[in-house]
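Below is one structure, written out as structure tokens; comments come after it.
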2 protein chains.
Amino acid sequence: MLRIAISDKVIGRLSLYRRILERRIPKSHMDDHIFSHELAALCGGTGALVRRDLMTIGFSGNPKKGYRVKELLNWIGNYLNAPEEERNVALAGVGNLGRALLAHFTYRRPKLPIVAAFDTDAQLLNRVIQGCRCFSVQQMDQVVGQFNIRVGIIAVPAAAAQDVTDRMVNAGITGLLNFAPVSLRVPADVFVENIDMTMSLEKVAFFARLNVKEKEVAR
Amino acid sequence: MLRIAISDKVIGRLSLYRRILERRIPKSHMDDHIFSHELAALCGGTGALVRRDLMTIGFSGNPKKGYRVKELLNWIGNYLNAPEEERNVALAGVGNLGRALLAHFTYRRPKLPIVAAFDTDAQLLNRVIQGCRCFSVQQMDQVVGQFNIRVGIIAVPAAAAQDVTDRMVNAGITGLLNFAPVSLRVPADVFVENIDMTMSLEKVAFFARLNVKEKEVAR
DNA sequence: GTAACGCTGTGAATAACATCACAACAGAGA
DNA sequence: TCTCTGTTGTGATGTTATTCACAGCGTTAC
Ligand SMILES: NC(=O)c1ccc[n+]([C@@H]2O[C@H](COP(=O)([O-])OP(=O)(O)OC[C@H]3O[C@@H](n4cnc5c(N)ncnc54)[C@H](O)[C@@H]3O)[C@@H](O)[C@H]2O)c1
Ligand SMILES: NC(=O)c1ccc[n+]([C@@H]2O[C@H](COP(=O)([O-])OP(=O)(O)OC[C@H]3O[C@@H](n4cnc5c(N)ncnc54)[C@H](O)[C@@H]3O)[C@@H](O)[C@H]2O)c1
């Protein structure tokens, strides 16, 4: 399976398609089919884009019936995560947000388990929260190595984010999901995805106002 | 101030610039200056893009000194939120994530206060959490009207998201920040920003794996 | 068998976004 | 005053993402 130069937008949508289809599968036959425009409607996109995305991962459908749901799920699954792959995740910062993430991902996404948490708060050390043990950040190397962790989540205050990032990268983590509102400096081979909730909320506030005041379409 | 057809990416970056500059201002003179490339370094972008963004909102700098920080802050502020504007926010879903959001935005962002929360859990009704009172979703119209709320945050389970959305839109909310992993159907004049943490985490897992296994640049 | 239908797969067109590159310019220094 | 420096502002250009549009095809209906 060749997997060169694929944009992160496409990866995001593939993950979305998979989740939508998974939610659909219980109430459908194994060999149910779906049209590109149906899938598009479910995820808020266009049929053409769905078809192109599936084309880029080399999956093809049938002009009269659409795409076989089960096959497509397998295909996306194989593409996004090679079956034998380790997918353990580490969390840094067991505060309000970190706890919410633990609660959510522990019981909703067993394919991406958060297997270790790190915090500086001595109160948390060695406690188990949502089935996940808290370690000191000094233990990063050891724990990341032991669990063979490749993915990290940064949910510490902005001031601590770069330090925690450096520790994670040193320990061998190559992908980061960052909630802290700072731009992380990492080596070129480390992938960083930022989620900036404050920025998103301000965007919403801006466009909400436009709508109500001027009724003009801003985009 | 004319404000037509501006992309949401630009709005997002302007909000980012503002936050970076605000963090900088305590340790600088009121009349400190900053170059486009300095701001770019702080937010992980390029000087050219910073200049273009500032150009699109009509702010100009000085070829020898750069941009006046204080003036720029004011300019962005005026652009993003007209000074007299109401910016009250409503939260739907006071679960793990909702509570984290309340804790964060209540003390960090007084300019975008969450003034009301909604939940179906009877235990929560009329309780005050992080200074924010919980209402029943039946009271949506009344409360949203009373506080003149325009912005809503959806942090309820996916199955309840569309129902809560409809109530919010009916009550007059015109901008939504949606954390539920579903595509919300809203009238064309309502702005929706989705934050899909699961999708983001899967993206990270995908690219993390690429880096470690094949060392190829995928983007 | 065959005609008609409506979807897929995809090159081409378009749109959105970001970068390049440089003229114009403000200030520093002599 | 004049030159030199390094930045701004911005048209031109490049890049990436999405949509258009339609040939080709599998299926169904008759
Ligand atoms: N909670 C939200 O809704 C929200 C919204 C937007 C952004 N954020 C961002 O997410 C991050 C976390 O937010 P939060 O609300 O959970 O904060 P929080 O203060 O509740 O939790 C932070 C946790 O990080 C720990 N910590 C501090 N320094 C550390 C270090 N060097 N190494 C390891 N752990 C350390 C603290 O002990 C604490 O447990 C922050 O950067 C915040 O800006 C949060
Ligand atoms: N917590 C996370 O880290 C996380 C991560 C990714 C996505 N999400 C999404 O965010 C949303 C909230 O997650 P959570 O972890 O806070 O869930 P949660 O179960 O902890 O909280 C959900 C809250 O919504 C309330 N609720 C249920 N139905 C409601 C309705 N019709 N009207 C109003 N309130 C209602 C519940 O009483 C509960 O308080 C979910 O859609 C989840 O998929 C959360």
Side-chain angles (χ1 to χ4, degrees), chain A residues 3-17 21 29 31-69 71-72 75-76 79 183 191 193-194 199 203 207 217-219, chain B residues 4-17 21 31-69 71-72 75-76 79 183 191 193-194 199 203 207 217-219:
Chain A
R3 203 194 295 115
I4 41 157
I6 190 156
S7 109
D8 76 320
K9 297 247 181 113
V10 176
I11 298 299
R13 284 193 299 265
L14 289 171
S15 149
L16 195 61
Y17 301 156
L21 293 172
H29 269 125
D31 47 26
D32 222 4
H33 291 250
I34 190 168
F35 291 122
S36 63
H37 62 84
E38 294 178 301
L39 185 47
L42 289 170
C43 72
T46 69
L49 188 52
V50 169
R51 292 201 300 281
R52 193 161 286 280
D53 287 341
L54 299 192
M55 199 183 87
T56 59
I57 60 168
F59 186 80
S60 40
N62 171 313
K64 202 54 198 279
K65 297 190 167 180
Y67 302 91
R68 283 199 57 186
V69 172
E71 249 179 43
L72 176 51
W75 197 275
I76 294 177
Y79 193 86
S183 160
F191 181 85
E193 169 90 359
N194 295 295
M199 199 194 77
K203 249 155 79 162
F207 287 106
V217 181
R219 160 183 168 63
Chain B
I4 41 158
I6 188 154
S7 110
D8 76 320
K9 295 249 181 111
V10 176
I11 299 298
R13 285 194 299 265
L14 288 171
S15 149
L16 194 61
Y17 301 157
L21 292 172
D31 46 27
D32 222 4
H33 291 249
I34 191 169
F35 291 123
S36 63
H37 63 83
E38 292 178 302
L39 185 47
L42 290 170
C43 72
T46 69
L49 188 52
V50 168
R51 292 202 299 280
R52 193 162 286 281
D53 287 340
L54 300 191
M55 200 185 85
T56 59
I57 60 168
F59 186 80
S60 41
N62 172 313
K64 204 55 202 275
K65 296 189 166 182
Y67 302 91
R68 283 200 56 184
V69 172
E71 249 178 44
L72 176 52
W75 198 274
I76 295 178
Y79 192 87
S183 161
F191 180 86
E193 169 90 1
N194 295 296
M199 196 194 81
K203 250 156 77 163
F207 286 107
V217 182
R219 156 186 167 65

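Below, read A as the first sequence line, B as the second, and so on, with proteins coming before strands; counting in each chain starts at 1.
- Residues B/Y67 and B/E38 fail the side-chain proximity criterion, which asks for heavy atoms closer than 4.5 Å.
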Criterion side-chain contact (heavy atoms from CB on, under 4.5 Å) on A/I76 and A/L72, from CA distance to verdict:
CA-CA 6 Å; A/I76 294 177; A/L72 176 51; 3.8 Å; yes

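- The distance between atom CZ of A/F35 and atom P of C/dG9, rounded to the nearest whole Å, is 12 Å.
- Here C/dT8 presents its P atom at 12 Å from CG of A/L72, a figure rounded to the nearest Å.
- Atom CD of A/E38 is separated from atom C1' of C/dT8 by 14 Å (rounded to the nearest Å).
- Within the model, atoms CD1 of A/I34 and NE2 of A/H37 stand 9.0 Å from one another, a figure rounded to the nearest 0.5 Å.
- C/dA21 atom P lies 18 Å from atom NE2 of B/H37, rounded to whole Å.
- Proximity of residues 48-59 of chain A to DNA chain C (heavy atom under 4.0 angstrom from any strand atom) is restricted to A/R51, A/R52, A/M55.
- Going from atom CD1 of B/I11 over to atom P of C/dA16 covers 16 Å, rounded to whole Å.
- For B/D8 and C/dA18, the CG to P distance is 10 Å, given to the nearest whole Å.
- Residue B/L16 comes nearest to B/C43 through the heavy atom pair CD2-CB, 3.9 Å, listed as atom of the first residue, atom of the second, then distance.
- Looking at heavy-atom distances under 4.0 Å, A/G66 makes contact with sugar-phosphate atoms alone, never a base.
- Ranked by how close their nearest DNA chain C nucleotide is to the 5' end, B/R13 and A/S60 are led by A/S60.
- Minimum interatomic distance between B/S183 and A/L42 (heavy atoms only, all atoms of both residues): CB-O, 3.7 Å.
- In this structure, A/H33 places its NE2 atom 10 Å from P of D/dT28, rounding to the nearest Å.
- Counting only heavy atoms from C-beta outward, the side chains of B/R68 and B/N62 never approach each other to under 4.5 Å.
- Between A/S7 and the phosphate of D/dT16, there is no side-chain N or O to OP1/OP2 separation shorter than 4.0 Å.
- Distance check, rounded to the nearest 0.5 Å: CZ of B/F191 to NZ of A/K203 gives 6.0 Å.
- When the C1' atom of C/dG6 is taken as reference, atom OH of A/Y67 falls 13 Å away, rounded to whole Å.
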Would you tabulate the side-chain donor-acceptor contacts of residues 53-60 of chain B under 3.5 Å, counting partners in other chains and residues two or more places apart, or write 'none'?
{"unit_1": "B/D53", "atom_1": "OD1", "unit_2": "B/R13", "atom_2": "NH2", "d": "3.0"}
{"unit_1": "B/D53", "atom_1": "OD2", "unit_2": "B/R13", "atom_2": "NE", "d": "2.6"}
{"unit_1": "B/D53", "atom_1": "OD2", "unit_2": "B/Y17", "atom_2": "OH", "d": "2.7"}
{"unit_1": "B/T56", "atom_1": "OG1", "unit_2": "B/D53", "atom_2": "O", "d": "2.7"}

Got a list of protein N/O to nucleotides 26-30 of chain C N/O distances below 3.5 Å?
{"unit_1": "C/dA26", "atom_1": "O3'", "unit_2": "B/N62", "atom_2": "ND2", "d": "3.3"}
{"unit_1": "C/dG27", "atom_1": "OP1", "unit_2": "B/N62", "atom_2": "ND2", "d": "3.1"}

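- One distance of note links CG of A/L49 with CG of A/L39; it measures 10.0 Å at 0.5 Å rounding.
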